[in-house]
Amino acid sequence: MQWLLVVCLGSTPCVMSTLRNRGTAINNEPCVNDRIHVPKVRLVGPGGEQVGVVRTEDALRLAVEANLDLVEVAPNSNPPVAKLMDYGKFKYESAQKAREARRNQSNAQIKSIRIGLKIDEHDYDTKKNQALRFLNSGDKVKFDLRFRGREQSRPEMGVRLLKGLAEELAEVSTVEAAPRADGRNMSMVLAPTRRKTEAKSDQRRRREAERAQRKAKAQKRADAQRGTETGTEEPQN
């Protein structure tokens, strides 16, 4: 057994709830058309123009004449704000934008790189290049520095080391979390300046270009081989 409960009182937004034997499913939506039960609304035209405060019945009449919907967009205002729009198209475009936003999310992973305060130049370059690869791939990088023995009494040296790395990687990253000490450890997080999706697109384009180049070379070798077998050779450039 189930009931459909529609609530749209005063200036509160419509809440459509489907009550079932076990649990309650709630789908919040704005009041639309005849679900708007307030006497007056501040009307906004389809192009965003301000029409002014009008009676709800007049606003509904305008919506019918324009073949549009009257949608309560700011129910808590006094009076509530309603807009003339194609509500079905609005919902579709909103869903499209939400999907696009999810696709464009970085989804960046955090890659940890451990370093020491007395790191030599070779290891320093190795760690920096490793971080560069991660950042260019759209991932965040967390540098974990551990102090040994009396090094703990010189935290400024750790800060200097981490800030130096941040400066050298500034072209591809920004400091998301500044160097911070925690006991014998100090960490810093760098975030890539490019999104993960952009990095993946570039990687895909590079792979496609490399495949095309390999295919062209293979085709050229095959053509040269056929020319040799038939006794003809391609002119030399």
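If you're wondering where the values come from, they're calculated on a predicted model, not measured in any experiment.
- Atom CG of Asp120 sits in a crowded spot, with more than 12 heavy atoms from other residues, nucleotides or ligands closer than 6.0 Å.
- Residues meeting the side chain to side chain contact (heavy atoms under 4.5 Å, CB included) test with Arg214, sequence neighbours left out: Glu210, Arg211.
- The side chain to side chain contact (heavy atoms under 4.5 Å, CB included) test applied to Lys89 returns Asp86, Glu93, not counting sequence neighbours.
- Glu49 CD: more than 12 foreign heavy atoms inside a 6.0 Å radius.
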Pair Lys111, Gln130 - check side-chain contact (heavy atoms from CB on, under 4.5 Å), show working. CA-CA 10 Å; Lys111 304 291 188 178; Gln130 185 180 16; over 6 Å; no
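- Contacts of Asn33 classified as side chain to side chain donor-acceptor pair (under 3.5 Å), with partners at least two apart in sequence or in another chain: Asp69.
- Contact record, Glu72 with Ile36: N-CD1, 4.0 Å, taken as the closest heavy-atom pair.
- Remark: Ile115 pairs with Ile113, Ile119, Lys127, Phe143, Leu145, Leu161, Leu162, Leu165 by the side chain to side chain contact (heavy atoms under 4.5 Å, CB included) rule, at least two apart or across chains.
- Legend: side-chain hydrogen bond (donor to acceptor under 3.5 Å, both in side chains) pairs involving residues 164-175, not counting sequence neighbours, sorted by first then second residue: Tyr124-Glu168, Lys128-Glu168.
- Sorted by first and then second residue, the salt bridge (charged side-chain N to carboxylate O under 4.0 Å, His left out) pairs involving residues 154-166 (not counting sequence neighbours) are Arg154-Glu156.
- Within the 4.5 Å cutoff, the side chain of Leu62 has heavy atoms near those of the Leu43 side chain.
- A pairwise comparison of heavy atoms in Ala177 and Met188 identifies O-CG, 3.3 Å as the closest pair.
- Taken to the nearest 0.5 Å, the CE atom of Met85 stands 9.0 Å off from the CG atom of Leu70.
- The distance from atom CD of Gln152 to atom CE of Met186, rounded to the nearest 0.5 Å, is 10.0 Å.
- For the pair Val41/Pro79, no side-chain contact is recorded, criterion being any heavy-atom separation below 4.5 Å from C-beta on.
- Considering all non-hydrogen atoms of both residues, Ala166 and Val175 come closest at CB-CG2, 3.8 Å.
- Residues Ser187 and Lys142 come closest through the heavy atom pair CB-CE, 3.8 Å.
- Listed by first and then second residue, the side-chain hydrogen bond (donor to acceptor under 3.5 Å, both in side chains) pairs involving residues 52-64 are Arg55-Asp58, Arg61-Glu65 (not counting sequence neighbours).
- In this structure Arg180 satisfies the side chain to side chain donor-acceptor pair (under 3.5 Å) test with no other residue, sequence neighbours excluded.
- Between Leu84 and Ala59, the closest heavy-atom pair is CD2-O, 4.1 Å.
- For Phe90, the CZ atom sits in a loose shell: 12 or fewer heavy atoms of surrounding residues, nucleotides or ligands are nearer than 6.0 Å.
- Residues passing the salt bridge (Lys or Arg N to Asp or Glu O under 4.0 Å) test with Glu176, sequence neighbours excluded: Lys140.
- With sequence neighbours excluded, the residues forming a side chain to side chain contact (heavy atoms under 4.5 Å, CB included) with Val44 are Gln50, Val81, Lys83, listed by chain and number.
- Taking both residues in full, the closest heavy atoms of Pro75 and Pro80 are given as O-CG, 3.7 Å, listed atom of the first, atom of the second, then distance.
- Applying the side chain to side chain donor-acceptor pair (under 3.5 Å) criterion to Arg146, with sequence neighbours excluded, gives Asn185.
- Here CG of Leu132 is found 11.0 Å from CG of Leu190. Values are rounded to the nearest 0.5 Å.
- Within the model, atoms CZ of Arg35 and NE2 of His37 stand 9.0 Å from one another, a figure rounded to the nearest 0.5 Å.
- The environment of Asn129 atom CG is dense: over 12 non-hydrogen atoms of other residues, nucleotides or ligands sit within 6.0 angstrom.
- Listed by chain and residue number, nothing satisfies the side chain to side chain donor-acceptor pair (under 3.5 Å) test with Asp123 (two or more places apart in sequence, or in another chain).
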